[in-house]
Amino acid sequence: MSPAVAAVDQASVLRKITFRLLPFIGLLYFVAYLDRVNVGYAALTMNADIGLSAAAYGAGAGIFFIGYFFFEVPSNLIMEKVGARRWIARIMVSWGVLSSGMAFIDGPMSFYVVRFLLGVAEAGFFPGMILYLTYWFPWAERGRIIAAFMLAIPISSVIGAPISTALLDVSVFGLAGWRTMFLLEGLPAVILGVVVWMWLTDRPALAHWLTDAEKATLQAALDRDHLPSDDHVHALKGALASPKVWRFAMVYFGLVTGNYGLGFWMPQIVKGFGGLTNAQTGLLTAAPYLVAAVAMVLWGRHADRTGERLWHFVLPAVLASSGFLLAAQGGSPVLQFAGLAMGAIGVNCAAPAFWALPTRFLRATAAAGGIALINSVGNLAGYLGPSIMGFLKERTGAYGAGLLALSVALLIAAALAPDWGARRRSLALDAERV
């Protein structure tokens, strides 16, 4: 390494990259996530306007993830070939147009169609961003970096909940409030899609805002992650056939079941406490996500400081499961809300820790395909979670059974995350050596 390169401190390079990229891609995910879940706020008045039952709403909210599933892996592979700048710009403009188009649905069928197409348009955004972060940040930094990126999820509720519910009482061009909400909240994605084209840099080698010495320092840090290992998967075929990848997909399936089961239904559950306006419902819904946002940052930093990832996923997943179980018991609104808050905090803290795990062993094209596969299979639960909640609400007249199902899903995810078979094999080998 040359003296000029050696003089560049790795920490200062990573800080520079963090300030350049993370606030912007966090903003992109904030807009994406709000456009994905704002249907939960619209449902407070939309369902009655267009004749949606609880089951029909749950199915329509979740059908987004069917389109997402079919186009996720191809989308991520395209991004790896054409670059994040082009592909993320395309994704954002198309999903923004369709999100605004939700303002013009007029019944269950159009609700299903536009939600499905929205999933097709957005497919590849989240796994693309996870893949993109692996281009810029070494594995040892990814706990806090992914947590900071995924901070957009709780923030979208902290900010989006009161804004979305306030828009329910606003009419633009004579449209009903929920139609106004969809129309206005889809526009930022279109605008940001244009900004992406000008701001995002595909790879460190193309970053005009880094010096040659800074690029070399970053590349050296990334190369240390790519030292040969039997655990690493490089080829796409190997990733798609890897039992480890499929196990991670099943774990993520359980996590997503809880995440979207809560996200799409929490406004209606809170409104059901009684005596709340739409605005008050939005503020109360936002409160647990504010706590979750702080917890995510602290938990991500702790994961990086200790170098441990697995139990940083398992423990919050168990917390979320316990919260949903508490909320399912009914009782007072205070206890129910406490349980929902535990669920929100748990699923949001578990997600960043989860994504640090597969990005450790997936490499090259395998990373593009494997991350997309895990996310697409896992996000099928985005259909299952809301649908189960809607079906059981319609059958029982209450939310308890649905919340119990979410609790079980999170508990299974926590149990599947550790590779118990590998642990037993390791113990057996240790015994043989003794």
Side-chain angles (χ1 to χ4, degrees), residues 29 32-33 36 62-84 87-88 91 95 116 118-135 139 142 146 149-150 153 225-226 229-260 309-310 313 317 347 350-385 409 412-413 416-419 421-422:
Y29 194 34
Y33 201 83
R36 184 185 297 185
I63 204 171
F64 168 96
F65 296 98
I66 303 299
Y68 202 84
F69 170 77
F70 284 113
F71 290 90
E72 184 91 321
V73 173
S75 180
N76 228 32
L77 294 175
I78 291 172
M79 192 195 91
E80 192 199 18
K81 290 186 179 298
V82 306
W87 198 241
I88 297 300
I91 287 174
W95 105 50
F116 176 84
L118 189 60
V120 172
E122 196 189 318
F125 175 79
F126 176 78
M129 288 290 93
I130 295 294
L131 178 64
Y132 185 71
L133 290 173
T134 68
Y135 298 160
W139 186 79
R142 286 182 202 156
I146 294 177
F149 168 62
M150 297 188 72
I153 295 178
D225 279 350
H226 291 123
S229 168
D230 292 339
D231 290 334
H232 292 173
V233 181
H234 293 263
L236 176 61
K237 183 178 179 181
L240 300 183
S242 168
K244 187 182 289 189
V245 168
W246 282 96
R247 180 167 62 85
F248 277 126
M250 293 301 101
V251 172
Y252 196 52
F253 188 94
L255 179 62
V256 172
T257 299
N259 184 30
Y260 287 115
R309 308 295 187 193
L310 177 61
F313 167 77
V347 295
F354 171 83
W355 281 111
L357 297 170
T359 58
R360 177 62 169 170
F361 73 92
L362 291 170
R363 297 286 184 263
T365 306
I371 291 170
L373 176 67
I374 292 168
N375 193 60
S376 61
V377 172
N379 270 293
L380 282 176
Y383 178 78
L384 180 68
I412 292 172
L416 285 176
D419 189 346

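What you see below is based on every heavy atom in this structure, not just the backbone, and it leaves out hydrogens, waters and symmetry mates.
- Considering only residues two or more places apart in sequence or on other chains, L133 meets the side chain to side chain contact (heavy atoms under 4.5 Å, CB included) condition with L22, I25, F137, I145, I146, F149.
- Scanning all heavy atoms of the two residues, the minimum distance from A381 to T257 falls at CB-OG1, 3.0 Å.
- Between A317 and A350 the shortest heavy-atom distance is N-CB, 4.1 Å.
- Considering only residues two or more places apart in sequence or on other chains, Y29 meets the side chain to side chain donor-acceptor pair (under 3.5 Å) condition with none of them.
- Checked by atom type, the side-chain pair N379/E72 shows no donor-acceptor distance below 3.5 Å.
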Show the atom names and distances, to 0.1 Å, of all donor-acceptor pairs under 3.5 Å that link a side chain in residues 124-131 to residues at least two apart or in another chain.
none

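- Within the 4.5 Å cutoff, side-chain heavy atoms of I374 are placed close to those of W355.
- The side chain to side chain contact (heavy atoms under 4.5 Å, CB included) check on A351 picks up M150, L255, with sequence neighbours excluded.
- To the nearest 0.5 angstrom, L118 atom CG is 9.5 Å from F65 atom CZ.
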Query - Derivation of the side chain to side chain contact (heavy atoms under 4.5 Å, CB included) call for R36 and W95 - result: CA-CA 10 Å; R36 184 185 297 185; W95 105 50; over 6 Å; no
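- In this structure I66 satisfies the side chain to side chain contact (heavy atoms under 4.5 Å, CB included) test together with I63, F70, F116, L380, Y383, sequence neighbours excluded.
- The side chain to side chain donor-acceptor pair (under 3.5 Å) check on S75 picks up W87, with sequence neighbours excluded.
- Side-chain contact between M79 and I91 is absent, with no heavy-atom pair separated by less than 4.5 Å.
- Judged by the 6.0 Å and 45° rule, R309 forms a cation-pi pair with W139.
- For the atom pair N259 CG and I153 CD1, the distance stands at 5.5 Å (nearest 0.5 Å).
- Checked against ring-ring contact (aromatic ring centres under 6.0 Å, His included), F354 has the following partners two or more places apart in sequence or in another chain: F248, Y252, F313.
- Of all the heavy atoms in L416 and R247, the pair that sits closest is O-NH1, 3.2 Å.
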